[in-house]
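This report concerns only the one structure given below.
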There are 2 protein chains.
Amino acid sequence: MTVQWLCYNRSETFRGEQAQHKSMARRHNIDGRPTIAQIARIAGVSVPTVSKVLNGRADVSLPTREKVERIIEEYGFVRNRAARALRKGKTGLVDLLLPRLDDEYYLPILEGVAQVLRDAGLRLVLTATDYKSEEEVRWIATVTDHSTDGILVMLPSERAIEQLERAGLPFVLIHNQGGLQAMAPSVRITSWEGGFVATTHLIRLGHRRIAYIGKTSPARDAIERIAGYRAALDAAGLPLMPELECDGDFTEASGYQATLRLLELPEPPTAIFAGNDRQAAGVYRALHERGLAVPDQMSVVGFDNLPYTEIMNPPLTTIHAPRLELGRTAATMLLRLINGEQLEMPRVVLPTHLVERQSCSPPRQQQE
Amino acid sequence: MTVQWLCYNRSETFRGEQAQHKSMARRHNIDGRPTIAQIARIAGVSVPTVSKVLNGRADVSLPTREKVERIIEEYGFVRNRAARALRKGKTGLVDLLLPRLDDEYYLPILEGVAQVLRDAGLRLVLTATDYKSEEEVRWIATVTDHSTDGILVMLPSERAIEQLERAGLPFVLIHNQGGLQAMAPSVRITSWEGGFVATTHLIRLGHRRIAYIGKTSPARDAIERIAGYRAALDAAGLPLMPELECDGDFTEASGYQATLRLLELPEPPTAIFAGNDRQAAGVYRALHERGLAVPDQMSVVGFDNLPYTEIMNPPLTTIHAPRLELGRTAATMLLRLINGEQLEMPRVVLPTHLVERQSCSPPRQQQE
DNA sequence: AAGAAAGCCGAAATCGTTTTCTAGAAGAAA
DNA sequence: TTTCTTCTAGAAAACGATTTCGGCTTTCTT
């Protein structure tokens, strides 16, 4: 685990401050957290005046401002956010809905969102649906209660989008599956192009029999990837080989099983485009079990560029999916929406690119 | 990427409902979201009655209740959470502070927290400090504004803990560094025992020269791990070998570099306890570069049991850190605290255990 | 049939902040 | 001195829900 050295400050300072707060509180009969009203009373001014100081308004004289600021500091006063949210109609919170949390794929997206939000002074409310529509429904009901200023949804269902549009809150879709909500603000990646580039890379190396794993998923991204694969074959004048298009649900296990089946073919492929990195890991495992070397006896390309592809053995050539940017872009767009601005580009597609490492080489002997 | 098939419902239903809402709203001159007052007016009852229906109070007659419920349903009314939070003093939100997001180590912890919170109907506010104390200070100020009901802090600094105690909000520490705040509620893992067990495992296999990587970190967990390592050597009657205790900041790169240095020793170790899995990955890379086979020429043990250790080649023997349970336990404790209950066990330590895979074997030739 | 108890419902206060809007004071212009 | 601005500061009304408490009907007791 990555344990790092956090800043250890002298606690003495804070002890002191704490004591000071205590005594002040006692002196003025303050029980729990002070409110604006209490601060006002202590400072000998009115409530709106304190509020003005808090909000940096101009119509407060310097002496008054300083006095109030001193009291605020002394008592460690913090505004009650609920009251503020109620009055202003803004909560300073943004919702992010993910299908699941135990998937490192989403991590950089989450991070990108968090970065942008933090810079904007907003906070992130995270919810995972576990792909359960029941959860999704529950979440949708809860999300429209004005507890957040805007919503980011990953891989939304049609139903979720409908609800969102109805609620009238700003939202941005990440990895939208496409479909009916063509005009909703969304951010995606060029999955088709990624599939095309990955396959073309293998073709250029001389491969003629190239397998693809991940045919089954009906998700938009998966469909695009296999379409890119087929287009690349087609563009190179190569025939489609249905026996080389394997089922796969984008898990390590399915990559493993698909590879075993491929190896049992009378004429196995010389390269495998694994659909995603997790399946590529399964491909590696199967190949290793069968004693086949990567890339000498089989070239492998992944998709996503997960962190561990760098430390795979050999390091995996893969398509980089710009996930951090995905998160940053979506969050930036949402911020605009929350500010009431128009999006000149409501539907953004972020480019993927090939990351060459060491899992590909020309085939041992050319086919034909 | 793991794209899965989300539930696609017929959107017709929702179109219909939406239209219905619209017309209703028009009929009663409702602009944006309806409030309790508007619902009350439409239903011909008073505001408190609607509130009672919403909260399932008993003193509402069945016909009234049904009428109100119908109106609520028809207008798609949702309570404004800010108003509710202000009045009740509870926000339904819990804060989780992580050092950083781009580290998959934290993922299961996050997931555990999310699970428990979701079951309790609370929502999770996520903040990352990036180890910057500036961020931490900003966060601490923002966290005490009653925008959440409780706080979970990972790897807290002393300063953060002081602030937390002062704020008077319920909080639980995860991976507390120890130190002064001995009595604050916290959850940790048995790092010492993990180090002991990992080392003992290697000793039992017959290893006598066992290296440890990760000496430098002053973090509590790191200190415990190396202490466990030393204790195991001691318990087995083996001498400590300072030249085999390597620096390491728990990154892949430091594991790599430490291994290269170890291999240059006049008498290299026969086994490496890598401190964590990331360093173990670096060890693998260095060994592979030098043409040394795992486990035949070098045994390796990791720590944490990150997901990718299973697909390493060979699969890594490591110490399992129960991170999901860490998150679940911390969240459960916090929930108790929020409910005003006492914690019979405020300081919980969760056990680690050895996960044997294929990166360890007896040394080729016994030393001495 | 009178009084008590129970069941329903609503008026009003409240949570803590922000936002007018107005009143007074001070200073400037005449 | 009078009048007109310009500053400051505060009173009062939101924001949208919950909660307390009292009044009005019923129904039940005796």
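All values below were derived from every heavy atom in this structure, side-chain atoms included, with hydrogens, water molecules and symmetry-related copies excluded. The structure presented is a predicted model; accordingly, all values stated were derived computationally and were not measured. Numbers restart at 1 for each chain; the letters A, B, ... are given by sequence-line order, proteins then strands.
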What are the residues of residues 62-70 of chain A, sorted by number, that bring a heavy atom to within less than 4.0 Å of DNA chain D? A:Thr64
Donor-acceptor pair between A:Ser186 and A:Asn176 side chains, under 3.5 angstrom: no
Polar atoms only, N or O, under 3.5 Å: list the protein pairs with nucleotides 19-26 of chain D and their distances.
residue: D:dT19; atom: OP2; partner: B:Arg57; partner atom: NH2; Å: 2.9

Take the protein atom CG of A:Leu54 and the nucleotide atom P of C:dT19, then report the distance between them rounded to whole Å. 12 Å
side-chain contact (heavy atoms from CB on, under 4.5 Å) partners of B:Asp149, counting only residues at least two apart: B:Lys90, B:Thr91, B:Ile338
Measure from the side-chain heavy atoms of B:Thr49 and tell me the nearest of D:dA9, C:dC9, C:dT17. C:dC9
Do A:Phe171 and A:Leu337 pass the side chain to side chain contact (heavy atoms under 4.5 Å, CB included) test, and can you show the C-alpha distance, the side-chain angles, and the key distance before you say yes or no? CA-CA 8 Å; A:Phe171 68 94; A:Leu337 253 20; over 6 Å; no
For residues 50-60 of chain A, which residue pairs pass the salt bridge (charged side-chain N to carboxylate O under 4.0 Å, His left out) check, not counting sequence neighbours? A:Lys52-A:Asp59
Atom-pair distance (CD1 on A:Ile36; P on D:dC15), nearest Å: 18 Å
Closest non-hydrogen contact found for B:Val45 with B:Val50 is CG2-CG2, 3.8 Å
Short side-chain N/O contact to C:dT18 OP1/OP2 from A:Arg84, under 4.0 Å: yes
Where A:Ser147 and A:Leu93 come nearest, the two heavy atoms and their spacing: O-CD2, 3.5 Å
Would you indicate, yes or no, if C:dG10 has its OP1 or OP2 atom less than 4.0 angstrom from a side-chain nitrogen or oxygen of B:Ser46? yes
Expressed as a whole number of angstroms, how long is the span from B:Ile72:CD1 to D:dA17:P? 10 Å
Whole angstrom is fine here: how far is it from CZ in B:Arg81 over to C1' in C:dG16? 19 Å
Which of the following nucleotides, D:dA17, C:dT17, D:dG16, is nearest to the side chain of A:Leu86? D:dG16
Under the salt bridge (charged side-chain N to carboxylate O under 4.0 Å, His left out) definition, can you give me all pairs with a residue in residues 77-87 of chain B, not counting sequence neighbours? A:Asp145-B:Arg81
Nearest-Å distance, CG (B:Asn80) to P (C:dC15)? 18 Å
I'd like to know whether A:Val187 forms a side chain to side chain contact (heavy atoms under 4.5 Å, CB included) with A:Val172, so could you lay out the CA-CA distance, the side-chain angles of the two residues, the decisive distance to 0.1 Å, and finally the verdict. CA-CA 8 Å; A:Val187 192; A:Val172 174; 4.1 Å; yes
When you measure from the side-chain N and O atoms of B:Thr35 to the phosphate of D:dC15, is any distance below 4.0 Å, counting only OP1 and OP2? no
Using five base pairs at each end to define the local axes, how bent is the helix from C:dA1-D:dT30 to C:dA30-D:dT1, to the nearest 10°? 50°
Shortest non-hydrogen pair, B:Leu155 vs B:Pro99, comes out as CD1-CG, 3.8 Å
Using the side-chain contact (heavy atoms from CB on, under 4.5 Å) definition, which of the options B:Leu96, B:Leu110, B:Leu117, B:Val125 pairs with A:Leu126? B:Leu110
Closest heavy-atom pair, B:Leu101 versus A:Ala114, reported as atoms and distance to 0.1 Å, is CD2-CB, 3.5 Å
